[in-house]
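Numbered from 1 within each chain, the chains take letters A, B, ... in sequence-line order. All values below were derived from every heavy atom in this structure, side-chain atoms included, with hydrogens, water molecules and symmetry-related copies excluded.
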Amino acid sequence: MRLATWNVNSIRARVVRTVEFAVRENIDVLAMQEIKCKPEQFPYAEFEAAGYHVVAHGLNQWNGVAIASREPIEDVELSFAGMPGFQKGYDGPDAPLEARAIGATINGVRVWSLYTPNGRALDDPHMTYKLHWLDALARYTETELAANPELKLALVGDFNVAPLDEDNGDPTIVEGVSTHVSPAERAAFGALQSAGLTDVVRPLVPTGYTYWDYKQLRFPRNEGLRIDFILGSSAFADAVSGAFIARDERKGEIPSDHVPVVVDLDLDPVDDDDVPMIFG
DNA sequence: ATGACAATTCCAAATTGA
């Protein structure tokens, strides 16, 4: 099974390009972020014509996440348990949730398409929200894996954190001043590893960015960020056989500012007729 | 250089993004 994640920066603006990529690269499951629409506005027909089912979560023109799959989609969840919301001037438990997480089980793999809050600025209330959101995601992961240590769990999407210095090639993003590279954000991302997840792409694709700002010729200069990840539980990581970052998707007409991140999985076939052969 | 991108929406100035 081939699984990809892509912050598409509006699915309505880029549906043709998105479906063409999925078909060309033989993607079985495509997790999308920043669809920027409500479910009733999602361009389902283009995906269905290419053989994909889609589940989408969107509340307004901001954020929004979706999962497209060639194989049946089961057990869809909107927002993970414990996910905080945001309300200006208030970060308590009753703040309204945003459309930043959708989970589904496909081929026995629990996939979450995730869009971590931006943070906006180091001293902005949205940064507190971002850190709380990542912390809640780590605790959700711990709970899930404690209940089922063999779960094939994949947290994929736009984490809005560049974990390593080498993940930041944008000269305008500077530690101490900018979001995405602060010690607090990196610690919050690192807590996902402590909760039992690993970045399954990094060992196979050690260098490369997944995002380049539209401004200031960032892509031609290759001054990007690595902020989109596929994190997996140990059972998921054990199934990974390959990975790539589809850098070419930043080229051409009206590209998203992010590109897809892709992994190949060797999943054990679930087949009751599969009787082991014994020799001797 | 009063800029330099791109998406959304009460169609157009404001908001968001990273």
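No donor-acceptor pair closer than 3.5 Å links the side chain of A:Asn107 to the backbone N or O of A:Val109. Judged by distance alone, with hydrogens and angles left aside, the side-chain atoms of A:Ser233 form a donor-acceptor pair with the main-chain N or O of A:Leu153 at under 3.5 Å. When atom types are taken as modelled, the side chain of A:Arg12 and the backbone of A:Ile35 share no donor-acceptor pair closer than 3.5 angstrom. A:Arg14 places a side-chain N or O within donor-acceptor distance of the main-chain N or O of A:Ile254, the cut-off being under 3.5 Å.
Side-chain N/O atoms of A:Asn168 include none lying less than 4.0 angstrom from OP1 or OP2 on B:dA18. Taking only side-chain nitrogens and oxygens, A:Arg120 never comes nearer than 4.0 Å to OP1 or OP2 of B:dA18. For A:His126 and B:dT16, the shortest distance from a side-chain N or O to OP1 or OP2 is not below 4.0 Å.
Across all strands, A:Asn7 comes closer than 4.0 Å only to sugar-phosphate atoms, never to a base (heavy-atom distances). Using a 4.0 Å heavy-atom distance criterion, A:Ile173 is classed as making no nucleic acid contact. The residue A:Phe159 sits apart from the nucleic acid: no heavy atom pair falls under 4.0 Å. Among the heavy atoms of the strands lying under 4.0 Å from A:Asn160 are primed sugar atoms or P, OP1, OP2 only; no base atom is included.
Across the P atoms, B:dA18 and B:dA7 are found 14 Å apart, a figure rounded to whole Å.
For the pair A:Gln216 CD and B:dA18 C1', the interatomic distance rounds to 14 Å; values are reported in whole Å. Computed from coordinates, the A:His258 NE2 to B:dC5 P distance equals 18 Å when rounded to whole Å. With rounding to whole Å, A:Arg226 atom CZ is found 17 Å from B:dA18 atom C1'. Remark: P of B:dA18 and CZ of A:Phe229 are 13 Å apart, rounded to the nearest angstrom. Rounded to a whole Å, the CZ atom of A:Arg218 is 12 Å from the P atom of B:dC5. The nearest whole Å value for the distance from the CZ atom in A:Arg186 to the P atom in B:dA18 is 17 Å. Straight-line distance from the CG atom of A:Leu59 to the P atom of B:dT16: 15 Å, rounded to whole Å. Rounded to an integer number of Å, the gap from CG of A:Asp170 to P of B:dA4 is 17 Å.
Where A:Asp158 and A:Gln41 meet DNA chain B, the nucleotide closest to each residue was compared, and A:Gln41 sits on the side nearer the 5' end.
If you check B:dT9, B:dA18, B:dG17 against the side chain of A:Arg100, the one that comes closest is B:dG17.
Side-chain contact annotation: A:Arg226 with A:Thr210, donor-acceptor N/O pair under 3.5 Å absent.
Taking A:Asp264 as the reference, A:Arg2 meet the side-chain hydrogen bond (donor to acceptor under 3.5 Å, both in side chains) condition, with sequence neighbours excluded.
At most 12 heavy atoms of other shown residues, nucleotides or ligands fall within 6.0 angstrom of atom CD in A:Glu150.
With A:Phe159 as the fixed residue, the ring pair (Phe, Tyr, Trp, His ring centres under 6.0 Å) test singles out one of A:Tyr211, A:Phe189, A:Trp133: A:Phe189.
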For nucleotides 6-8 of chain B, tabulate all protein N/O to nucleotide N/O atom pairs closer than 3.5 Å, reporting atom names and distance.
| from | atom 1 | to | atom 2 | distance (Å) |
| --- | --- | --- | --- | --- |
| B:dA7 | OP1 | A:Arg14 | NH1 | 3.3 |
| B:dA7 | O3' | A:Ser10 | OG | 3.4 |
| B:dT8 | OP1 | A:Ser10 | OG | 3.2 |

